[in-house]
Structures are given as C-alpha cells and as structure tokens.
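Structure first, then comments.
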Amino acid sequence: MGHSDQGAQTPIPDRGWLLALPKAEVHVHLEGCLAPELVSSAARRAGAELPGDLEQGVHDLDSLLRTLDISCALIDTEAELIDIAYGFSRHEADSGVRYADVIVNPAHWPAWRGRLDSFVAALDAGFTAAETDGFTPVGICPSIGRDQSASEAVELVEWIVADQSERLVALSIDGNEEAAGRSSPRFADAFGRAAAAGFHRCVHAGESSGPEGVWDAIDLLGAERIDHGIRCVDDPALVAELARRGIALDVCPTSNVRLGVVSSLHDHPVEQLRAAGVRVSINTDDPFLLGTDIPAEMASVATTFSWGTDVVAEMARTSIDASFASAEVKRALQNELSAFLESPS
Ligand code: ADE
Ligand code: ZN
C-alpha cells in the first residue's frame with residue numbers, strides 16, 4: 001500500500017495495488033496500440049520513411065490522428081493484425097485489466113478498404129489466441145470517423161449487423177469533432193440502426209467539442225457512454241443530466257493533458273464531475289503512443305486529487321459496469337472486485 005494522505009479516507013493506492021485491482025478498460029483505440037518495432041519493420045518492408053520518433057510528434061488531436069494514419073497505413077498483412085490484437089490483449093492483461101472494449105476505426109487502415117471481413121477475422125484470430133493463452137478478453141467497437149459521410153457510416157453498420165460475430169459489441173464514433181463541425185445529425189441514422197440491431201453505442205464527445213457535442217451524443221446518437229465528455233463541465237444542466245441518467249464518462253487523463261484539452265492534470269475536471277455524481281472510469285485512449293497504462297493513469301489522478309483506494313475502487317466498479325461485456329462476465333468481474341477489496345492487503 002502507498003503512503004497515506006491527510007485528505008484521503010483510505011490510503012492513496014500504489015502501483016502494486018492498482019495492478020492487482022480487477023477492472024475493465026472501456027476507452028482505448030487499437031490504432032494507438034501498435035508496437036513501435038512492428039511499425040518500424042512494416043515501414044522498412046514498404047521502403048517508407050517514418051517521421052522520426054512517432055510518439056514525439058503527438059501534441060494535439062490532429063497530430064495524434066495523423067500519426068495513427070501513418071502507422072496503420074503500413075499494416076497490410078493478416079499476420080501483423082494477429083500480432084497487434086494479441087499484443088493488445090497481453091498489454092491489457094499486464095495492466096491487470098480483466099476485460100476491454102477496444103475501438104477500431106477501419107478508416108485508419110487503408111490497406112483493408114473493401115476487405116473488412118478479412119480485417120476483422122484477423123483481429124478476431126489474434127484476440128482468440130490471446131484469450132486462450134490467458135490474456136484479457138476483448139470486445140471490438142467498430143468506429144466511424146467524424147469526417148466520414150452518412151452513407152459510409154450506414155455501410156459500416158450494415159456490415160456489423162450482417163457479420164453476426166459476438167466479437168463486435170458496439171458502434172463507436174471518434175476523430176476530430178471540432179474540425180468536422182456539428183456532425184452528429186449526419187450519423188443519427190447509423191446509430192439508430194445499430195441500436196435497433198442490439199448493438200451498444202459509445203461516442204467521442206466533449207473533447208474537441210463543448211457541452212453541445214455531449215448533448216448531441218445523448219439526444220441524437222443514443223450514447224450509453226461518452227468517450228472523454230469532460231467539457232460537459234461547462235454546462236451544469238448537462239452534468240446533472242449525465243448524473244441522473246448514469247451515463248458514464250470514459251475519461252483519459254494523460255491524453256487530455258497531452259493533447260491540450262486541459263492545461264494540466266490539476267485542472268482536469270474529473271474530480272469535480274465525480275463529486276457531482278457523474279459515473280467515471282479511468283482509461284488510456286492511445287497508450288502505446290502516449291506511453292501510459294491504466295495503473296499509471298489511476299496513480300496520476302489519485303495522487304493529484306488525493307483519492308484513496310475507496311474512490312479508485314469505485315471507478316474500477318464503474319469500468320466493469322459500464323463495459324459492453326456480457327452480463328455474466330460483468331457479474332463475475334464485480335464479484336472478483338468485491339473479493340479483492342475484502343481481502344486483507
Ligand atoms: N482517435 C484516437 N484517439 C482519439 C481521441 N483522443 N479523440 C478522437 N479520436 C481519437
Ligand atoms: Zn479516444
């Protein structure tokens with residue numbers, strides 16, 4: 001256990017406790033989880049020139065999205081996709097994550113355009129092999145980019161619905177809301193179709209957009225979870241609505257600081273939102289590019305806001321409850337979490 005803090009009811013948790021804490025991750029992009037060695041060897045094979053250290057180039061949302069485009073464009077074999085999926089599941093297991101919803105946006109992977117079946121089949125093979133080896137089970141949330149068209153979005157949903165794979169759990173939307181302008185009306189039809197076919201919905205909003213983007217996510221896209229969502233803090237009525245409806249925010253503290261969404265961790269609204277009764281989980285967004293993992297994210301916010309183990313455990317509970325795992329898996333994980341919290345440390 002870590003040092004205790006005067007303001008905390010329970011001790012501030014240390015990395016060992018955070019690693020062992022049973023939890024889910026619900027906001028992480030596969031595109032941000034490519035091992036640097038895999039990207040360099042793909043670049044060598046393609047004779048492509050990489051712009052130095054990819055991680056160094058990330059300073060705002062646009063540069064992040066460009067970096068994801070550059071690295072994912074190099075991936076054109078099924079073996080690489082299997083490796084990426086397997087490596088992701090192992091990374092999550094190494095962070096003590098017991099279940100993960102992973103966002104995958106096909107628009108970042110041009111080599112697989114028109115071959116979505118093969119793309120997802122290779123990822124599925126990697127996740128299945130990893131799970132067989134005892135690593136973290138994963139659900140895929142196929143994602144629309146904010147700059148795509150309504151018909152591209154509907155096409156993706158039609159593919160998801162036709163695929164019938166249990167691996168696909170939700171429709172997601174990501175990308176740059178600010179650059180796209182108000183885009184949720186364009187995607188309402190796609191999200192409505194996904195909901196009608198029984199798929200969950202998670203929506204990036206309130207990162208590069210303000211509260212109006214979060215309102216649209218709820219009202220037009222039927223979002224069950226908001227990825228980031230932190231700009232809701234600028235609208236007290238929205239904060240109250242999120243709390244009342246129990247819509248969880250999938251918060252990524254390091255990403256928000258690194259991309260300039262907040263000026264420092266200290267200025268991050270996560271504590272204010274938590275105190276207002278909004279359900280919050282802690283996530284990594286693009287961990288390989290941002291050089292982070294869930295225990296590191298939890299440790300940073302716990303230290304910054306003097307959160308004890310009780311507060312962090314509540315966020316782990318939210319991560320499991322808000323995940324798109326099956327009811328059975330969720331129940332088992334909640335029981336694991338309870339047993340962990342009751343066991344003497
Ligand atoms: N894709 C990967 N990371 C993202 C983020 N933080 N916001 C929007 N789209 C993303
Ligand atoms: Zn994200």
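Ligands are counted one by one from 1 in listed order, and the atoms in each one are counted from 1 as well. These numbers come from the heavy atoms of this one structure, side chains and all, not from hydrogens, waters or symmetry mates.
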Go through the steps for Thr309 and Thr10 under the test side-chain hydrogen bond (donor to acceptor under 3.5 Å, both in side chains), then give the verdict. CA-CA 6 Å; Thr309 49; Thr10 51; 3.2 Å; yes
Flag the pair Arg193 and Asp189 as a salt bridge only when some basic side-chain nitrogen lies within less than 4.0 angstrom of an acidic carboxylate oxygen. yes
Determine, stepwise, if the pair Asp76 / Arg115 fulfils salt bridge (charged side-chain N to carboxylate O under 4.0 Å, His left out). CA-CA 11 Å; Asp76 60 1; Arg115 294 195 292 148; over 6 Å; no
Sort by chain and number the protein N/O/S atoms found under 2.8 Å from the Zn ion (ligand 2). His27 NE2, His29 NE2, His204 NE2, Asp285 OD1
Is it the side chain (CB and beyond), the backbone, both or neither of Asn105 that lies under 4.0 Å from ligand 1, heavy atoms counted? neither
Within the distance-only criterion (no hydrogens, no angle test), does the side chain of Lys23 pair as donor or acceptor with the backbone N or O of Met315 below 3.5 angstrom? no
Which is it for Leu68 and ligand 1 at heavy atoms under 4.0 Å: side chain, backbone, both or neither? side chain
Holding to side-chain hydrogen bond (donor to acceptor under 3.5 Å, both in side chains), I want the full list of residues that pass it with Ser165, two or more places apart in sequence or in another chain. none
Is it the side chain (CB and beyond), the backbone, both or neither of Leu64 that lies under 4.0 Å from ligand 1, heavy atoms counted? side chain
Give the contacting part of His228 toward ligand 1: side chain, backbone, both or neither, where contact means a heavy-atom distance below 4.0 Å. side chain
Any non-hydrogen atom of Leu65 lying under 4.0 Å from ligand 1? yes
If you scan protein heavy atoms around atom 1 (N) of ligand 1, the nearest is His29 CE1, 3.3 Å
Under the 3.5 angstrom rule, does the side chain of Glu31 hit a backbone N or O of Asp69 as a donor-acceptor pair? no
Tell me, which protein residue and heavy-atom name are nearest atom 7 (N) of ligand 1, and how many Å apart are they? Glu207 OE1, 2.6 Å
Under a 4.0 Å N-O cut-off, is there an ion pair linking Asp321 with Arg279? yes
Could a heavy atom of Gly175 be found less than 4.0 Å from some atom of ligand 1? yes
Stepwise salt bridge (charged side-chain N to carboxylate O under 4.0 Å, His left out) test for Arg182 and Glu212: CA-CA 9 Å; Arg182 189 184 179 210; Glu212 72 290 346; over 6 Å; no
Charged N to carboxylate O under 4.0 angstrom, Arg231 versus Glu177? no
Parallel, tilted or perpendicular, judged at 30° and 60°: which one describes the rings of His204 and His228? perpendicular
Indicate yes or no: does Glu241 engage Arg244 in a salt bridge with an N to O separation below 4.0 Å. yes
Considering heavy atoms of the protein only, find what lies nearest to atom 6 (N) of ligand 1 and give residue, atom and distance to 0.1 Å. Asp285 OD2, 2.7 Å
With heavy atoms only and a cut-off of under 4.0 Å, state how Asp286 meets ligand 1: side chain, backbone, both or neither. side chain
